[in-house]
Amino acid sequence: MPDAAGAAHSSTQQSSPLTAAEQSGNRQPTARRHDRRLLHAAFALALIPVAVSAVSLSIRYGNAYNPIGDMASIELITRDVGQHAVMIGPYSRDGWHHPGPAMFYLLAVPYRLLGSTSTAMTVGALTVNGASIVGMGLLARRRGGTPLTLIILVGCALLMRSLGPDEIRLPWNPYITVLPFGVLVLLTWSLTCRDKWLLPLAVLITSYLAQTHIGYVALAVPLLVFGTVWLVASTIATTRRARDGDDRPRTSVSGLAAPALTGLVVGLVMWLPPCIEQLSNEPGNARRAFRWFRDGGSGGDAAQGLRAGWRIVSAQFGLPPEWLFGSRGIGPSGEPPYLDRPLVPVLLFVVAAGGVLLLRGPVRASGRLFAVWLFSSAVGVLATARTIGPIYTYRDGWAAVLAIVAVALAAWGAWVTLVRWRPDLERRVLVPGAIAGLVLLAVVSSVAHVRADMPQSEMSDGVSEVVPEVLKSLPPGDGPVVIDGSSSFWGLAHEPSIVLQLERHGIDAVLPQGRGGSGTHRMYDGGPRRARLVVALAESIPVFEKRPNLSMIAFGGELSLEDLRSRVAEQTPIRAEAALAIFIEEDPEDVQRE
């Protein structure tokens, strides 16, 4: 008696002539090679924009890119891998770090291999996203054959186009988790289909997501639990049915021991560093984050509530959909505009229709994917509802991934239905149409990546201008150089960037006390120092010029110093990117004070 997985596999084989043909052992070798070439071409087309972006960044900018803000802090901690203990994740503005360091260890590999440049960090992010696309395609191929593989790859290509170059190439933790979340959704589906040896991989991806951004603790962990519980329950039910029918079960509950033990080992290894950090400090990072959420943030704010959660998830099914046409913009508070002006999720009716077609068809595994999508969407609503503070637009990329999965379900249902009606449509229309779509999207996205400016281009150029003058002006001596940008938000964002550039030249540079977002070993300890540099931007530059204990040693930006002074005198608004200055503190009595 076949088990549930076997039945699902058998049903998947019947979903369309092409799927059955490529999985059949009786298929002619030439035809099978043709199918493999077709899928290889589809994967290659989906990855072309990623490769083009990596090559374009490396050739056009090389070492010229100087990251600002979070990107600089992330690179600094990535540099620490193998040199310092890296046990927690990226810094949050709320006084704690995201749960774990998986992101840093992952990015450290391409970073070191490609010369430890800031461009290497972007190539690392592109590598993670490219691997995620391949992972989603392979998981779709495993359960849905060529039709679902092509649909998922087209969906990924659409999503890459709508997200834009920066969200694909920047190694920022809200961005570098979006496509891996899609891998986890399909891994959960595979677990419900009793693909037991994917459990360790699901643990790995879940750990990466939860460690890299704390929001995924509420998004990813429930998916892992859901898939694991289904796997165990399905295995128990199948074993009982097999025994009742006097058949030998293909997989018993005891057969789950090895993958479960492997998954446990993977989880222990992944979570060992943050556990050590928590046990070594009082309070540890996990406790600080827990207290922050328990107390409603620093201001005792209430959670956003279910209405906000529903609007974030359902907005992806409004018209025009963001996953197809790009962002609808950002509200004054940094939140998406549909939080205040909700959209009617009309495309949910299309998804429902496609789901009905699938459930009425021969592909039983599709019902499990539909269940995983429904559960994931419900979890997304609940997780967003528990958000403290604003729901910033840059955090909700996962909602677009769920929309892509839903639309893929609808498209798969239409594909299966059409092929059952007219089998020749697959060969003549559907497959060529999917390949043509991948070609078009590969061209459009590649052009966008080639035309895109250097990441954070204007501020990066400003840093490039001031660093040589800073190096010339530093006084001789021992001790660290303290970088202080506390005069403004953008001054704070430039602190880790200047530290990074000075470290590249072998200079010990640190941040003021209390700013450990780039590593606690980079905080000034109060001892003798070589110099204290003050970072100023735009309107604050003339203010610092008037201070008797400060001397300007470097200036850069699109404005000249005379134009800047004139605009400040006229009270003309000035963009932060327009001017950057570095001052050195010359008061000898202040050498010991910080």
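Numbers here are sequence positions counted from 1. Worth knowing before you read on, the calculation uses all heavy atoms, side chains too, and leaves out hydrogens, waters and symmetry mates.
- Distance check: Y175 OH to L170 CG gives 7.0 Å after rounding to the nearest 0.5 Å.
- Contact detail for P390 and R395: the closest heavy-atom pair is O-NH1, 3.4 Å.
- Contact between L139 and S190 at its shortest, heavy atoms only, is CD2-OG, 3.8 Å.
- Side-chain atoms of S58 and T119 include no donor-acceptor pair closer than 3.5 Å.
- At a threshold of 4.5 Å between non-hydrogen side-chain atoms, the residues L45 and V439 count as touching.
- Under the 4.5 Å side-chain criterion, counting only non-hydrogen atoms from C-beta, I391 is in contact with Q304.
- Between M103 and Q211, the closest side-chain pair of non-hydrogen atoms is not below 4.5 Å.
- S333 is linked by a side-chain hydrogen bond (donor to acceptor under 3.5 Å, both in side chains) to E335, counting only residues two or more places apart in sequence or in another chain.
- If you take CG on L319 and CZ on F325, they are separated by 8.5 Å, rounding to the nearest 0.5 Å.
- Distance alone, capped at 3.5 Å, is enough to place a donor-acceptor pair between the Y105 side chain and the V86 backbone.
- Closest non-hydrogen pair, S445 versus A157, comes out as OG-O, 4.4 Å.
- Checked against side-chain hydrogen bond (donor to acceptor under 3.5 Å, both in side chains), D453 has no partners two or more places apart in sequence or in another chain.
- Taking CD1 from I312 and OG1 from T393, the interatomic distance works out to 7.5 Å, rounded to the nearest 0.5 Å.
- Every residue two or more places apart in sequence or in another chain that forms a side-chain hydrogen bond (donor to acceptor under 3.5 Å, both in side chains) with E322 is listed here: Q316, Y338.
- Rounding to the nearest 0.5 angstrom, the gap separating the CG atom in L107 from the CZ atom in R112 is 12.0 Å.
- Pairs passing the salt bridge (charged side-chain N to carboxylate O under 4.0 Å, His left out) check and including a residue from residues 69-78, sequence neighbours excluded, read E75-R504.
- Neither side chain, N285 nor H98, offers a donor N or O lying under 3.5 Å from an acceptor on the other.
- When atom types are taken as modelled, the side chain of R328 and the backbone of P320 share a donor-acceptor pair closer than 3.5 angstrom.
- In this structure a side-chain-to-backbone donor-acceptor pair under 3.5 Å is present from R522 to L76.
- Taking CD1 from I68 and OG from S497, the interatomic distance works out to 3.5 Å, rounded to the nearest 0.5 Å.
- At distances below 3.5 Å, at least one donor-acceptor pair connects side-chain atoms of S446 with backbone N or O atoms of A442.
- Within the 4.5 Å cutoff, the side chain of I507 has heavy atoms near those of the L471 side chain.
- Both tests pass for R93 against the ring of Y392: distance under 6.0 Å to the centre and angle within 45° of the axis.
- Aromatic rings of F181 and Y216 (six-membered ring for Trp) have centroids within the 6.0 Å cut-off, being under it.
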Mind listing the side-chain donor-acceptor pairs of residues 377-388 below 3.5 Å, one per line with the distance, residues two or more places apart or on another chain?
unit_1: S377; atom_1: OG; unit_2: W373; atom_2: O; d: 2.9
unit_1: S377; atom_1: OG; unit_2: W373; atom_2: NE1; d: 3.3
unit_1: T384; atom_1: OG1; unit_2: G380; atom_2: O; d: 2.8
unit_1: T387; atom_1: OG1; unit_2: T384; atom_2: O; d: 2.8

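- The OG atom of S376 sits 10.0 Å away from atom CH2 of W398, with the distance rounded to the nearest 0.5 Å.
- Across G397 and V178, no two heavy atoms sit closer than the pair O-CG1, 3.7 Å.
- Side chain of S53 to backbone of P49: no donor-acceptor contact under 3.5 angstrom is found.
- Checked against the 6.0 Å centroid criterion, the rings of F290 and W96 do not qualify as a close aromatic pair.
- In this structure, D396 does not pair ionically with R311, as no charged nitrogen and carboxylate oxygen lie closer than 4.0 Å.
- Taking every heavy atom of both residues into account, L537 and A576 meet most closely at CD2-O, 3.3 Å.
- Centroid-to-centroid, the aromatic rings of F375 and W189 stay 6.0 Å apart or farther.
- Under the 3.5 Å distance criterion, with hydrogens and angles disregarded, a donor-acceptor pair is assigned to the side chains of Q501 and N66.
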Donor-acceptor pairs under 3.5 angstrom involving side-chain atoms of residues 219-226: please list them, not counting sequence neighbours.
none

